[in-house]
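Have a look at the structure below before the remarks.
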Amino acid sequence: MPELPEVETTLRGIAPHITDRTILECVFRTEKLRWPLDTDLCYLLPGEKISRVERRAKYLLLFCGHGTLILHLGMSGSLRIVSADTTEQKHDHVDLIFTDGQCLRLTDPRKFGAFLYTDADPYTHKLLLHLGPEPLTDDFTGDYLYSVSRGKKQSIKQFIMDQKVVVGVGNIYASEALFSSGIRPDRAAGRVSLKRLRSLVVAIKAILQKAILAGGTTIHDFNQADGKPGYFTQQLQVYGRSGDRCVICGETILSQKLGQRSTFYCPQCQS
DNA sequence: ACGCTCTCCTGGCCGC
DNA sequence: TGCGGCCAGGAGAGCG
């Protein structure tokens, strides 16, 4: 569920509740998520104050007095603000309890998420160091995409999902953006023209922005445990629609696997 | 360097 | 209704 728009929505939702709050207690209810949880944090974090919260790619950065928490929601994670005495439910793996009685609770059925801590500048952490540009900034342009894609045989869809190329384009939005810009997802990245890459970049920005706008009102849907697209389903043109008619030309939408991931496209509109 | 495959984990859904 | 198999929106690790 968490693609970039959901992470951004989460950031906006939690930041006002945890900024300038002091941690009273850190509770782990599982040994590991994607990586083992550092139990030292249970005595290192109490007394630390969250000074600010930022997002980089799909990572959330919680700056504390002496270090920074690096969180990732994986495929099924969500963060909520609850009262510290709210009974935990299945898959509630981490609580960050504050002195004002509020609690930041991490839920993640599939345990693909991350809850890490670093003393150093988090942007130099190896998970963040080699990330590509943010898609919604002016650093992400068709000309940039053109320059880094020349000679690449990898499919354009896998290419734009590579976090070193650009961050935040997940499996759903990759199919949607390629449909919107008329590019077949299995076309080699190095063989897409500058003109079409400019169109693709415009499409990526538009769809992410649209989803962020939709996200604010639908954050409750985050709790859905299943793997289905949530609030954005109504607006999807090709994702999950194989066998349906293309909304533009009426041709049958096809699907194929690219890099183990389901990919959807219209064979008529995309070339 | 590049690109491919595997992997972590739980749960929902489909077909038999 | 029960069970096995398959699928899921991320992305790092390891390999050739």
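Below, chains carry the letters A, B, ... as their sequence lines are ordered, and counting in each starts from 1. Since we're looking at a predicted model, the values are computed, not measured.
- Nucleotide C:dA11 holds its C1' atom 15 Å from the CD1 atom of A:I70, rounded to whole Å.
- Under a cutoff of 6.0 Å and an axis angle of 45°, A:R52 and A:F63 form a cation-pi pair.
- Rounding to the nearest 0.5 Å places CG of A:D108 at 4.0 Å from OG of A:S76.
- Checking the phosphate oxygens (OP1, OP2) of C:dG10, a side-chain nitrogen or oxygen of A:R261 falls inside 4.0 Å.
- Nearest to the side chain of A:Q163, among B:dC9, B:dG11, C:dA11, sits C:dA11.
- Applying the 4.0 Å criterion to OP1 and OP2 of C:dA11, one finds that A:H72 has a side-chain N or O inside that range.
- Within 6.0 Å of CZ in A:R191 there are 12 or fewer heavy atoms belonging to other residues, nucleotides or ligands.
- Remark: C1' of B:dG3 and NZ of A:K157 are 15 Å apart, rounded to the nearest angstrom.
- Residue A:R110 has its side chain nearest to B:dT10 when only B:dG3, B:dT10, B:dC8 are considered.
- Residue A:K153 places no side-chain N or O under 4.0 Å from the OP1 or OP2 atom of B:dG3.
- Considering only the side chain of A:Q260, B:dT5 comes nearest among B:dG3, B:dG11, B:dT5.
- As rounded to whole Å, 16 Å separates atom P of C:dA11 from atom NE2 of A:H130.
- Between A:K152 and B:dG3 there is no side-chain N or O to OP1 or OP2 distance below 4.0 Å.
- Across the protein-nucleic acid pair, A:H91 atom NE2 and B:dC9 atom P stand 14 Å apart, rounded to whole Å.
- Between the NZ atom of A:K164 and the P atom of B:dG3 there is a distance of 10 Å, given to the nearest Å.
- As judged by a 4.0 angstrom heavy-atom cut-off over every strand, A:K126 is placed among residues touching the sugar-phosphate backbone only.
- With no hydrogens or angles considered, a side-chain donor-acceptor pair links A:D85 and A:S83 at under 3.5 Å.
- Considering only side-chain atoms of A:Q158, the nucleotide from C:dG12, B:dC9, B:dC4 that sits closest is B:dC4.
- Using N1 to N3 plus N6-O4 or O6-N4 for Watson-Crick, or N1-O2 and O6-N3 for G-U wobble, each under 3.5 Å, B:dC6 pairs with C:dG12.
- Distance from the side chain of A:K32 is smallest for B:dC8 among the nucleotides B:dG11, B:dC8, C:dA11.
- As judged by a 4.0 angstrom heavy-atom cut-off over every strand, A:L33 is placed among residues making no nucleic acid contact.
- Dashed line: the shortest gap from a side-chain N or O of A:K90 to OP1 or OP2 of B:dG11 is under 4.0 Å.
- In this structure, A:F112 does not pack face-to-face on the six-membered ring of C:dA11, missing the 5.5 Å centre cutoff or the 30° plane limit.
- Counting to the nearest Å, the P atom of C:dA11 and the CZ atom of A:R56 are 12 Å from each other.
- Atom CZ in A:R150 sits roughly 14 Å away from atom P in B:dC2 (whole-Å rounding).
- Judged by distance alone, the side chains of A:K157 and A:T263 do bring a donor and an acceptor atom under 3.5 Å apart.
- Using a 4.0 Å heavy-atom cutoff across all strands shown, A:Y59 reaches sugar-phosphate atoms only and no base atom.
- Comparing A:K111 and A:Q154 by the nucleotide of DNA chain B whose heavy atom lies nearest to each, the residue mapping closer to the 5' end is A:Q154.
- We find that CD of A:Q89 is positioned 18 Å from P of B:dT10, with the value rounded to whole Å.
- Separation of the P atoms belonging to B:dC9 and C:dG14 is 16 Å when rounded to the nearest angstrom.
- Following chains of ILVMFWY side-chain contacts shorter than 4.5 Å, one can reach A:L44 starting from A:I23, so the two form part of one hydrophobic cluster.
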